[in-house]
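What follows is a short report on a single structure.
Numbered from 1 within each chain, the chains take letters A, B, ... in sequence-line order.
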2 protein chains.
Amino acid sequence: MSTEDLLRLDLQLCFPLYAASRAMVQAYTPLLAKLGLTYPQYLVMLVLWETDGVTVKELGEKLYLDSGTLTPLLKRLETLGMLRRERSREDARSVTASLTPQGKALRRKAAAIPEAIACRTGLTLEELSRMRRDVQRLFEKLSKQ
Amino acid sequence: MSTEDLLRLDLQLCFPLYAASRAMVQAYTPLLAKLGLTYPQYLVMLVLWETDGVTVKELGEKLYLDSGTLTPLLKRLETLGMLRRERSREDARSVTASLTPQGKALRRKAAAIPEAIACRTGLTLEELSRMRRDVQRLFEKLSKQ
DNA sequence: TCCAATTGAATTGCGCGCAACTGAATTGGC
DNA sequence: GCCAATTCAGTTGCGCGCAATTCAATTGGA
């Protein structure tokens, strides 16, 4: 392939990835709007529904986001009444986010979302699983070093 | 799979996609910094290097971005001296972006980027090609309707 | 030839992402 | 026990993305 070709938009992997990621968020948006959440806020809630009471640092490690993104996002979720933020007693540098009853209750309303999205992709569960694994591997290659 | 499982972060396709897309942009960032470009600005340049003199509308159709994103982005590229923006004479509603000599010249410096990124993924050209096709198909499914 | 509907770009407002920095708390080497 | 180095959250600033709106130019039907 020539240098000419290598710069062609339709031959890049980055562009479909970028477009698909945005289209995925757009697919979630109307479903999440019913819960009053944005997509990144939904990711934080997924973590908290699995493991309540996590620090900003732990959230950052799971979601690959830093405090510059998470601090204002968590403040918004706190304002919405989904969680409480409080300084850790053991280590006053860290802040822990814990679900309110309302935040916990939202889980039931979110339960229908994954299947709705899976349907939208038109892929079988096996295809979805393989794709997730492949994209995950790509992420790991790109993120290390 | 239970509803419990369906909400697990590590079983979603959306999250690897979101993380990989951001990691891909991060991989480009230091390479593009040498050209003075951000990743979305680079995408606009890719379009212009293929087809010089496109309207905001055409750019939006190729990149799936709207004027709210493109107008300020194009103004920044104009300030950088990469392109000129001018009202079309045939239809005064539309605005055309055309490369300056400096914008055209930047292509040569960008020529090395695609291969550098391809190496970073650690995938063969066949694997990259298959992945691009799969992600492209996912995008098409998600974006229609 | 009107003029209502449509189109295209620009603007506004908001929520990310992220780099760079700040400041307080903790740790670890001596 | 001291203090330099590190860690953690928060802040600032900027560039997207995108919804919603505005406004001017064009189109198309009566």
Practice prompt. Under the side chain to side chain contact (heavy atoms under 4.5 Å, CB included) rule, what do Leu13(A) and Ile117(B) come out as? Steps first, then yes or no, please.
Written response: CA-CA 10 Å; Leu13(A) 169 57; Ile117(B) 295 291; over 6 Å; no
Worksheet item: What residues form a ring-ring contact (aromatic ring centres under 6.0 Å, His included) with Tyr28(A), not counting sequence neighbours?
Response: Tyr39(A), Tyr42(A)
Item to complete: Could you check Leu9(B) against Leu63(A) for side chain to side chain contact (heavy atoms under 4.5 Å, CB included), going step by step and ending with a plain yes or no?
Response: CA-CA 9 Å; Leu9(B) 185 65; Leu63(A) 299 178; 3.9 Å; yes
Worksheet item: Is the shortest side-chain N to carboxylate O distance from Lys57(A) to Glu61(A) below 4.0 Å?
Response: yes
Discussion item. Using whole Å, what does the distance between atom P of nucleotide dG15(C) and atom OH of Tyr42(A) come to?
Written reply: 20 Å
Worksheet item: Taking OP1 and OP2 of dC14(C), is either one under 4.0 Å from a side-chain nitrogen or oxygen of Arg76(A)?
Response: no
Worksheet item: Would you find a donor on one side and an acceptor on the other, under 3.5 Å apart, between the side chain of Thr100(A) and the backbone of Gly81(A)?
Response: yes
Worksheet item: OG1/Thr51(B) to CG/Leu46(B) distance, rounded to the nearest 0.5 angstrom?
Response: 11.0 Å
Worksheet item: What's the CG-C1' distance between Leu59(A) and dG17(C), to the nearest Å?
Response: 15 Å
Practice prompt. Work out which heavy atom in Met45(B) is nearest to a heavy atom in Gly103(B); give both atom names and the distance.
Written response: CE-O, 3.7 Å
Contact list (N/O, under 3.5 angstrom) for nucleotides 2-5 of chain C vs protein:
none

Worksheet item: Want to settle it: does Ala92(A) or Tyr39(A) sit nearer the 5' end of DNA chain C, counting the closest nucleotide to each?
Response: Tyr39(A)
Worksheet item: Does a side-chain heavy-atom distance below 4.5 Å link Leu77(A) with Leu37(A)?
Response: yes
Report all side-chain donor-acceptor pairs from residues 126-134 of chain A shorter than 3.5 Å, counting only partners two or more places apart or in another chain.
{"unit_1": "Glu127(A)", "atom_1": "OE1", "unit_2": "Thr124(A)", "atom_2": "N", "d": "2.8"}
{"unit_1": "Glu127(A)", "atom_1": "OE1", "unit_2": "Thr124(A)", "atom_2": "OG1", "d": "3.4"}
{"unit_1": "Arg132(A)", "atom_1": "NH1", "unit_2": "Leu11(B)", "atom_2": "O", "d": "2.9"}

Fill in: Exceeds 12 heavy-atom contacts within 6.0 angstrom, atom CD of Glu115(A)
no
Practice prompt. Check for a donor-acceptor pair, side chain of Arg87(A) on one end and backbone N or O of Arg93(A) on the other, with a separation under 3.5 Å.
Written response: yes
Response to the item:
Reading nucleotides 2-13 of chain D from 5' to 3' and marking B where a protein heavy atom lies under 4.0 Å of the base, S where only the sugar-phosphate is that close, and - otherwise, the string is -----BSBBB--
Response to the item:
With five pairs defining each end axis, the helix from dT1(C)-dA30(D) to dC30(C)-dG1(D) comes out bent, to 10°, by 20°
Discussion item. Given 3.5 Å as the limit, does a donor-acceptor pair link the side chain of Thr121(B) with the main chain of Ala118(B), or not?
Written reply: yes
Worksheet item: Are the side chain of Arg22(A) and the backbone N or O of Tyr64(B) linked by a donor-acceptor pair below 3.5 Å?
Response: yes
Response to the item:
Under a 4.0 Å heavy-atom cutoff, the residues of residues 12-38 of chain A touching DNA chain C are Thr38(A)
